[in-house]
Participant: 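Got a structure here, written out as structure tokens. Questions coming.
Note: hydrogens, waters and symmetry copies are ignored here, and every other heavy atom, side chains too, is used.
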Amino acid sequence: MPHRGKIIFSWALVALWAAVIFFMSAHTGSDFDGEGPLAAVKRWLVGLVAPVFGPETDVVNVAAHFTEYLVLGALLFVALRCTWPESSSSRLMLGAVVLASAYAVTDEFHQSFVPGRLCDPADWLTDTLGATLGAVIVLALSKRSGAAEHRSA
């Protein structure tokens, strides 16, 4: 794929994932208590964590926020690296975390308009930590891949 195509594709994935996050934020946890695949996944996750954390703890919500933003942080790091390949890895990582964290702020604001949801700074922190780990994982994998290529050359 040409370089321009990689840039467009990487940012399209970021936009698609941001839309998934927006979709999930437009629903309450109780929206996934009925039937369907998302409800089944939620029931399975609650069944896994309830014996450890207790039935009142909403670990599934925390895990969902963390995972959504872990993926977003990883996708943003890749998109930024495709767009500015000459930038330092630390600058790209910082950019990915800042962009994901800023989106998390808008996500929390959006949730304040959804009945049954609220704007929670703890969710923003969870989102930012997830994005940070996502960017760190991609950075580590890219450094590992680069080291392997260097050794084989």
Side-chain angles (χ1 to χ4, degrees), residues 6-84 87-147:
K6 287 180 184 179
I7 293 172
I8 293 169
F9 182 71
S10 65
W11 285 106
L13 287 177
V14 168
L16 179 64
W17 193 252
V20 167
I21 292 172
F22 185 88
F23 170 79
M24 297 301 286
S25 292
H27 299 296
T28 64
S30 62
D31 289 346
F32 302 114
D33 288 340
E35 297 300 318
L38 290 176
V41 168
K42 182 181 178 193
R43 281 191 302 275
W44 176 73
L45 288 171
V46 168
L48 283 177
V49 300
V52 177
F53 297 101
E56 303 303 317
T57 305
D58 194 2
V59 175
V60 174
N61 180 53
V62 174
H65 273 269
F66 189 85
T67 304
E68 286 173 345
Y69 280 85
L70 182 140
V71 173
L72 183 63
L75 290 173
L76 280 165
F77 183 88
V78 170
L80 290 168
R81 187 177 59 197
C82 285
T83 306
W84 293 288
S87 291
S88 71
S89 295
S90 58
R91 179 172 278 179
L92 296 173
M93 192 178 90
L94 179 63
V97 172
V98 166
L99 288 172
S101 185
Y103 187 71
V105 169
T106 68
D107 181 44
E108 290 306 311
F109 181 70
H110 167 235
Q111 288 178 36
S112 70
F113 296 99
V114 176
R117 301 291 302 259
L118 54 100
C119 181
D120 187 355
D123 283 348
W124 166 80
L125 181 60
T126 301
D127 298 342
T128 301
L129 292 173
T132 302
L133 181 59
V136 166
I137 288 170
V138 174
L139 173 62
L141 290 174
S142 66
K143 286 188 181 242
R144 184 175 177 190
S145 172

Participant: Which atoms form the tightest heavy-atom contact between Val138 and Ala74, and what is the distance?
Facilitator: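 It is CG2-CB, 3.4 Å.
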Participant: How about His65 and Asp107: do any of their side-chain heavy atoms sit closer than 4.5 Å?
Facilitator: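 With C-beta onward as the side chain, the pair touches.
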Participant: Nearest 0.5 angstrom please: Ser88 OG to Met93 CE, how far?
Facilitator: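 Rounded to the nearest 0.5 Å, the OG-CE separation comes out at 10.0 Å.
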Participant: Look up atom CG in Leu13 and atom CG in Leu72, then write down how far apart they are to the nearest 0.5 Å.
Facilitator: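 The CG atom of Leu72 is 11.5 Å from CG of Leu13, to the nearest 0.5 Å.
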Participant: For the residue pair Ala96 and Gly73, what are the closest heavy atoms and their distance?
Facilitator: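 Closest heavy-atom pair between Ala96 and Gly73: CB-O, 3.8 Å.
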Participant: Ignoring hydrogens, what is the shortest heavy-atom contact between Val14 and Ala79? Give both atom names and the distance.
Facilitator: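 For Val14 and Ala79, the tightest heavy-atom pair comes out as CG2-CB, 3.9 Å.
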Participant: Using every non-hydrogen atom in the two residues, find where Ser101 and Thr128 come nearest and quote the distance to one decimal.
Facilitator: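 Scanning both residues completely, I find the closest heavy atoms to be OG-OG1, 3.0 Å.
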Participant: May I ask you to test the Phe66-Asp127 pair for a side-chain heavy-atom distance under 4.5 Å?
Facilitator: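 Heavy-atom side-chain distance check fails, nothing below 4.5 Å.
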Participant: Could you pull out all residues at least two apart from Ser112 that satisfy side-chain hydrogen bond (donor to acceptor under 3.5 Å, both in side chains)?
Facilitator: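 With sequence neighbours excluded, Ser112 shows a side-chain hydrogen bond (donor to acceptor under 3.5 Å, both in side chains) to no residue whatsoever.
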Participant: Show the nearest heavy-atom pair for residues Ala135 and Val97, with the distance to one decimal.
Facilitator: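 Residues Ala135 and Val97, closest heavy atoms: CB-CG2, 4.3 Å.
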Participant: Decide yes or no for Ile137 and Phe77: does some side-chain heavy atom of the first lie under 4.5 Å from some side-chain heavy atom of the second?
Facilitator: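 No, too far: nothing below the 4.5 Å cut-off.
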Participant: Hey, what do you get for CD (Glu68) to OG1 (Thr126), rounding to the nearest 0.5 Å?
Facilitator: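 Separation between the atoms: 11.0 Å.
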Participant: Within this structure, what is the OG1-CD distance for the pair Thr106 and Gln111, rounded to the nearest 0.5 Å?
Facilitator: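 If I round to the nearest 0.5 Å, the distance is 10.0 Å.
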Participant: How about Leu129 and Trp124: do any of their side-chain heavy atoms sit closer than 4.5 Å?
Facilitator: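 A side-chain contact is absent here, since even the closest heavy-atom pair is not under 4.5 Å.
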Participant: Would you call Thr132 and Tyr69 a side-chain contact if the rule is heavy atoms closer than 4.5 Å?
Facilitator: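 No, side chains not in contact.
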Participant: Nearest 0.5 Å, please: how far is OG in Ser142 from CG in Leu92?
Facilitator: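 That separation rounds to 9.0 Å.
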Participant: With rounding to the nearest 0.5 Å, note down the distance linking OG in Ser87 to CG in Leu94.
Facilitator: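 Answer for the OG-CG pair, Ser87 versus Leu94, is 11.5 Å.
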Participant: Would you say the side chain of Tyr103 lies within less than 4.5 Å of the side chain of Leu99, judging by non-hydrogen atoms?
Facilitator: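 SC-SC contact between Leu99 and Tyr103 ruled out.
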Participant: For the residue pair Arg81 and Val78, establish whether any side-chain heavy-atom pair is separated by less than 4.5 Å.
Facilitator: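 Sidechains of Val78 and Arg81: in contact.
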